[in-house]
Amino acid sequence: APHVVTVGEAMALLVAQTPGPLAAVEHFSRSSAGAELNVATGLARLGWRVGYISRVGQDPFGDYLLATLDREGIDRSHVQVDTQHPTGFMLKSREPEGQDPQIAYFRKGSAASHLGPDDVPVQGLQGVRWLHLTGISVALSDSARALAQTLVQQARAAGAAVSFDPNLRARLWPSQTAMVSGLNAWAAQADLVMPGLSEGQLLTGQTTPQDIASWYLDRGVPQVVIKLGPQGAYVADAQGRATVPGFQVQRVVDTVGAGDGFAVGVLSALLDGQSLADAALRGNAIGARVVQYVGDSEGLPDPEQLAMALQVRSC
Ligand code: CKP
Ligand code: MG
């Protein structure tokens, strides 16, 4: 059985080769994206067995993503090829240092938005240790949401823990109210919740990492990690609370994908039996590595690169 199962939309990513508005860019480099796929990729690079549930179209982007899954050693026996709907993709701009890129999605009606309860593994999640969901996998469509709910039930039945990265994507929700109440209901079912600070503020109405963490603990979430960017992370669980430092970064190229790298660090360290604070430290080390690369998953380390990243002095 895989150690971790995740579900989501694999996307082709076209990154601009030159700065400027996307409409003016002539050359793009192709790679892969999708928050849950980034997490799957990072965990597989660290040697964990990962099962990925998705749908791609019968088109060159779909073929490319299937080949990527194979190259990364991710189990894709639950990735269906949908002959009716296309593979989603996105464009990402290049910006001066410190500025977030422009993103244009082409994902409406995509193959992955047609994920549904039929995509559930018939054998259940026996032997799986973590089911990783994000606010994207549960916002793709009603049918994808139903699939995620069935997976949570399977995780419960199999004794697997559920991790949840809220990953706010306003464009995937009908309204902000629907997004907040929807994401909060999913978080309440999870064993581990990992929002960024501004995500946590918007979702809980609290201001400080301490109060955001308390808000989740009060709702029965046993482990909470608030991502603080360069400042590190704040963790809270039954063992206590701590602020974990961030890592020094030479040059921030692009922060997209950092949250997924962070999740890779946290989940892999928890699988290794580490404390939540040590897990967040590993999350910070990987997040700091990812922001120095153009692609969303290029900076995800192998074990040797991770060991080196952890040696870099904390800020
Ligand atoms: O929160 P992050 O910046 O780590 O997430 C990035 C991913 O799935 C990116 O790869 C993109 O494809 C997406 O989030 C998305 O749908 O926005
Ligand atoms: Mg995120």
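Every number for a ligand or one of its atoms is a count from 1 in the order of the listing.
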**Q** Looking only at protein heavy atoms, identify the closest one to atom 3 (O) of ligand 1 and say how far it is in Å.
**A**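 Nearest neighbour among protein heavy atoms for atom 3 (O) of ligand 1, to 0.1 Å: G257 N, 2.7 Å.
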**Q** Pick one of side chain, backbone, both or neither for how V256 approaches ligand 1, counting any non-hydrogen atom pair under 4.0 Å.
**A**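 Near ligand 1, V256 shows its backbone as well as its side chain.
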**Q** Heavy-atom count check: over 12 atoms from other residues, nucleotides or ligands less than 6.0 Å from E304 CD?
**A**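 Atom CD in E304 is not crowded, with 12 or fewer foreign heavy atoms closer than 6.0 Å.
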**Q** When you measure from atom 14 (O) of ligand 1 to every protein heavy atom, which one gives the shortest distance, and what is it?
**A**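 The answer is R169 NH2, 2.9 Å.
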**Q** Which heavy atom in L46 sits nearest to a heavy atom in D302, and how many Å separate them?
**A**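 Looking at all heavy atoms of both residues, the shortest contact is CD2-C, 3.8 Å.
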**Q** Answer with side chain, backbone, both or neither: which part of N38 has a heavy atom less than 4.0 angstrom from an atom of ligand 1?
**A**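 Within the 4.0 Å criterion, N38 contacts ligand 1 through side-chain atoms alone.
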**Q** May I ask which of I136, L37, D296 has a heavy atom nearer to atom 10 (O) of ligand 1 than the others do?
**A**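 Heavy atom nearest to atom 10 (O) of ligand 1 belongs to D296.
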**Q** Answer yes or no for T134: is there an N/O/S atom below the 2.8 Å cut-off from the Mg ion (ligand 2)?
**A**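 No, outside the cut-off.
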**Q** Quick check: does M90 get an N/O under 3.5 Å from an N/O on ligand 1?
**A**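 By distance alone, the answer is no.
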**Q** As an exercise, identify every atom of ligand 1 less than 4.0 angstrom from a heavy atom of A258.
**A**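 Numbered from 1, ligand 1 contributes 4 (O).
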**Q** Suppose I only count heavy atoms of A33 and a 4.0 Å limit; which atoms of ligand 1 are within that range?
**A**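 Heavy-atom distances to A33 below 4.0 Å select 10 (O), 12 (O).
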**Q** Tell me which protein heavy atom sits closest to atom 8 (O) of ligand 1, plus the residue, atom name and distance to 0.1 Å.
**A**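 It is A35 N, 2.7 Å.
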**Q** Is the ring pair F61/F89 parallel, tilted or perpendicular, if the boundaries are 30 and 60 degrees?
**A**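 It falls in the tilted class, 30° to 60°.
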**Q** Just checking, is any N or O donor in the side chain of S29 or Q17 under 3.5 Å from an acceptor N or O on the other one?
**A**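 Yes.
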**Q** Which protein heavy atom lies closest to atom 16 (O) of ligand 1, and at what distance to 0.1 Å?
**A**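 Looking at atom 16 (O) of ligand 1, the protein heavy atom closest to it is R107 NH1, 3.0 Å.
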**Q** Using a strict cut-off of less than 4.0 Å between a Lys/Arg side-chain nitrogen and an Asp/Glu carboxylate oxygen, indicate whether D118 and R55 qualify as a salt bridge.
**A**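 Not counted as a salt bridge, because no side-chain N and carboxylate O are separated by less than 4.0 Å.
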**Q** Within the 4.0 Å heavy-atom shell around N167, which atoms of ligand 1 are there?
**A**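 Those qualifying, in numeric order: 1 (O).
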**Q** Testing L13, V15, L14 for side chain to side chain contact (heavy atoms under 4.5 Å, CB included) with R30, which one passes?
**A**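 So, applying the side chain to side chain contact (heavy atoms under 4.5 Å, CB included) to R30 and each of L13, V15, L14, only L14 qualifies.
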**Q** Do me a favour and list the nearest non-hydrogen protein atom to atom 17 (O) of ligand 1 with residue, atom name and distance?
**A**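 The closest one turns out to be Y105 OH, 2.3 Å.
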**Q** How does E9 reach ligand 1, if at all, at less than 4.0 Å between non-hydrogen atoms: by side chain, backbone, both, or neither?
**A**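 None of E9 does.
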**Q** Out of E36, E9, H132, which residue meets the side chain to side chain contact (heavy atoms under 4.5 Å, CB included) rule with S137?
**A**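 Single pass found, and it is E36.
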**Q** Relative to ligand 1, is E36 under 4.0 angstrom through side chain, backbone, both or neither, heavy atoms considered?
**A**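 Within the 4.0 Å criterion, E36 makes no contact with ligand 1.
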**Q** Identify, by atom number and element, the atoms of ligand 1 in contact range of M11, meaning under 4.0 Å from any of its heavy atoms.
**A**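 Atoms satisfying the 4.0 Å criterion: 12 (O).
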**Q** Is the number of heavy atoms from other residues, nucleotides or ligands within 6.0 Å of CD (Q250) greater than 12?
**A**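 Check fails, neighbour count at 12 or below.
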**Q** Please report the closest heavy-atom contact between L115 and S141, naming both atoms and the distance.
**A**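 Closest pair (atom of L115, atom of S141, distance): O-OG, 4.2 Å.
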**Q** May I ask which of L140, V39, D260, D165 has a heavy atom nearer to atom 6 (C) of ligand 1 than the others do?
**A**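 Ranked by closest heavy atom to atom 6 (C) of ligand 1, first place is D260.
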**Q** Tell me whether the count of non-hydrogen atoms from other residues, nucleotides or ligands lying under 6.0 Å of CD in Q176 goes above 12.
**A**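 No.
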**Q** Looking only at protein heavy atoms, identify the closest one to atom 12 (O) of ligand 1 and say how far it is in Å.
**A**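 Of every protein heavy atom, G34 N, 2.9 Å lies nearest to atom 12 (O) of ligand 1.
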**Q** I need the atoms of ligand 1 closer than 4.0 Å to a non-hydrogen atom of G259, numbered in the order shown.
**A**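 Within the 4.0 Å cut-off of G259, ligand 1 contributes 4 (O).
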**Q** Taking atom types as modelled, find out whether D100 and T255 have a side-chain donor-acceptor pair closer than 3.5 angstrom.
**A**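 Judged by distance alone, the side chains do pair up.
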**Q** Would you say E95 and S93 are linked by a side-chain donor-acceptor pair, where the criterion is simply a distance under 3.5 Å?
**A**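 Present: a donor and an acceptor within the cut-off.
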